[in-house]
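Written out below as structure tokens is the structure these notes cover.
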Amino acid sequence: MHSSMETIPQRVYVYEAPVRLWHWVMAICIVILSITGFFIANPLHSVESEARNHYIMGYIRFIHFSTGYIFAVAFLGRLYWAFVGNHHARQIFYLPLLSIHWWREVFFEIRWYLFLEKIPRKCVGHNPLAQTAMFFFITLGSIFMILTGFALYSEGSGVGSWQDKLFGWIIPFLGQSQDVHTWHNVGMWLILTFAIIHIYLTFREDIMSRQTIISTMVNGYRLFKDDKE
């Protein structure tokens, strides 16, 4: 991940097309799921007249469920690409916790983000701290949201449905339906918090670091800036 300029070309193809597509699909899904999920947790006030004339919450739930399916299918596709793609496609699915070098890089990145280091290091893929955050908030976070989301969906699909057979056990495992709602809502806020920090750090690194960040997730190539030394 980290290397000197002597061993890193000026232009490296890092993120393959399926990884980039998944990134932007996931970003759009998170926005839609968060907005619709907020209204599901905090429904709009009821109004007078027939319910069929005021089906706003029904449309909101439909958008939420449909986007949830897209999110889940996209994640499965991303998991598949982790096996068939390049090294960088696998980074967010594991942490090399036994590597002393990796831990040194993690603490260096923490110091860099805290403005305690003057010169950032060059990383071809995710830097170790970003890799850690992506693993916990995106990989594990997505799995948790998919499991709890389909568990809640199984209540509407009914006993015996495939959603109930695959995910119905999650509700009694976590307590009861309201507990799953609460944890699903907490998961949404954690992912949103990560997304805000992620966007800030992406722009910060694109300006202050020694490599491109934003454009890399658009065209797949990471460009390295000249050394200042």
Side-chain angles (χ1 to χ4, degrees), residues 1-3 5 7-37 63-64 66-96 102 105-106 109 112-113 120-146 149 187-188 190-225:
M1 288 175 288
H2 160 254
S3 179
M5 198 56 197
T7 58
I8 298 181
Q10 285 292 107
R11 187 170 183 261
V12 181
Y13 188 60
V14 179
Y15 300 122
E16 299 163 303
V19 174
R20 304 197 307 275
L21 177 62
W22 169 78
H23 174 275
W24 296 113
V25 168
M26 180 192 67
I28 295 172
C29 285
I30 287 176
V31 173
I32 297 175
L33 288 169
S34 298
I35 294 174
T36 55
I63 294 173
H64 188 81
S66 300
T67 307
Y69 271 100
I70 295 173
F71 184 90
V73 172
F75 184 80
L76 290 177
R78 180 66 178 84
L79 182 61
Y80 164 76
W81 199 257
F83 289 97
V84 300
N86 62 18
H87 162 74
H88 307 291
R90 294 185 283 275
Q91 263 195 300
I92 68 170
F93 290 93
Y94 75 98
L95 296 177
W102 183 82
E105 294 294 298
V106 168
E109 292 300 328
W112 162 245
Y113 286 138
R121 290 179 177 170
K122 298 176 180 179
C123 297
V124 178
H126 291 296
N127 70 61
L129 189 59
Q131 179 186 10
T132 303
M134 291 289 290
F135 174 78
F136 282 105
F137 288 96
I138 297 302
T139 302
L140 296 186
S142 295
I143 294 173
F144 177 79
M145 295 301 285
I146 290 171
M188 177 197 75
L190 288 176
I191 292 177
L192 274 181
T193 301
F194 164 79
I196 293 171
I197 297 174
H198 173 68
I199 293 172
Y200 158 70
L201 291 178
T202 298
F203 280 95
R204 176 187 184 272
E205 290 299 284
D206 214 53
I207 296 171
M208 300 180 62
S209 74
R210 303 159 76 190
Q211 56 264 321
T212 58
I213 303 296
I214 298 175
S215 62
T216 304
M217 195 51 73
V218 176
N219 58 33
Y221 287 92
R222 173 145 292 155
L223 303 179
F224 294 93
K225 303 173 185 178

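Residues Phe136 and Leu95 form a side-chain contact, since some pair of their non-hydrogen atoms from C-beta on lies under 4.5 Å apart. The side-chain heavy atoms of Arg78 and Ile92, taken from C-beta on, include a pair separated by under 4.5 Å. Between Leu33 and His64 the shortest side-chain heavy-atom distance falls below 4.5 Å. For the pair Thr67 and Thr36, the minimum side-chain heavy-atom distance is 4.5 Å or more. The shortest distance between side-chain heavy atoms of Tyr113 and Glu205 falls below 4.5 Å. Between His126 and Tyr15 the shortest side-chain heavy-atom distance falls below 4.5 Å. Residues His87 and Val124 are not in side-chain contact: their nearest non-hydrogen atoms beyond the backbone lie 4.5 Å or more apart. The shortest side-chain heavy-atom distance between Phe144 and Ile191 does not fall under the 4.5 Å cut-off.
A donor-acceptor pair is defined here as one N or O able to donate and one able to accept, closer than 3.5 Å; such a pair exists between the side chain of Gln131 and the backbone of Tyr94. In this structure, the side chain of Gln211 does not engage the main chain of Phe224 through any donor-acceptor pair within 3.5 Å. A donor-acceptor pair is defined here as one N or O able to donate and one able to accept, closer than 3.5 Å; such a pair exists between the side chain of Arg20 and the backbone of Val218. Here the side chain of Trp22 pairs no donor or acceptor atom with the backbone of Leu79 at under 3.5 angstrom. Glu105 places no side-chain N or O within donor-acceptor distance of the main-chain N or O of Asn127, the cut-off being under 3.5 Å. Formation of a donor-acceptor pair under 3.5 Å by the Glu109 side chain with backbone atoms of Ala130 is not found in this model.
For the pair Arg210 and Trp112, the NZ or CZ position fails the cation-pi test of under 6.0 Å to the six-membered ring centre and within 45 degrees of the ring normal.
Note that CZ of Phe194 is 8.0 Å distant from CD1 of Ile30, once rounded to the nearest 0.5 Å. Interatomic distance, CE of Met217 versus CZ of Arg222, reported as 8.0 Å (0.5 Å rounding). Here OG1 of Thr193 is found 9.0 Å from CE of Met188. Values are rounded to the nearest 0.5 Å. To the nearest 0.5 Å, the span separating CD1 on Ile214 from CZ on Phe203 amounts to 4.0 Å. For the atom pair Thr216 OG1 and Tyr13 OH, the distance stands at 11.5 Å (nearest 0.5 Å). One finds the CG atom of Leu129 at 8.5 Å from the CG atom of Leu201 (value rounded to the nearest 0.5 Å).
Listed here is the closest heavy atom pair of Thr139 and Phe75: O-CZ, 3.9 Å. Residues Pro128 and Val106 approach most closely at CB-CG2, 3.5 Å, considering heavy atoms. Ala74 and Val25 make their closest contact through CB-CG1, 4.2 Å (heavy atoms, listed as atom of the first residue, atom of the second, distance). Phe137 approaches Leu190 most closely through the heavy-atom pair CD2-O, 3.8 Å. When all heavy atoms of Ser209 and Ile213 are compared, the pair lying nearest together is OG-CG1, 4.3 Å. Closest of all the heavy-atom pairs between Ile70 and Cys29 is CG2-SG, 3.9 Å.
Counting heavy-atom neighbours within 6.0 Å of Tyr69 OH, excluding the residue itself, gives a total above 12. By the 6.0 Å contact criterion, OH on Tyr80 is open, its count of non-hydrogen atoms from other residues, nucleotides or ligands being 12 or less.
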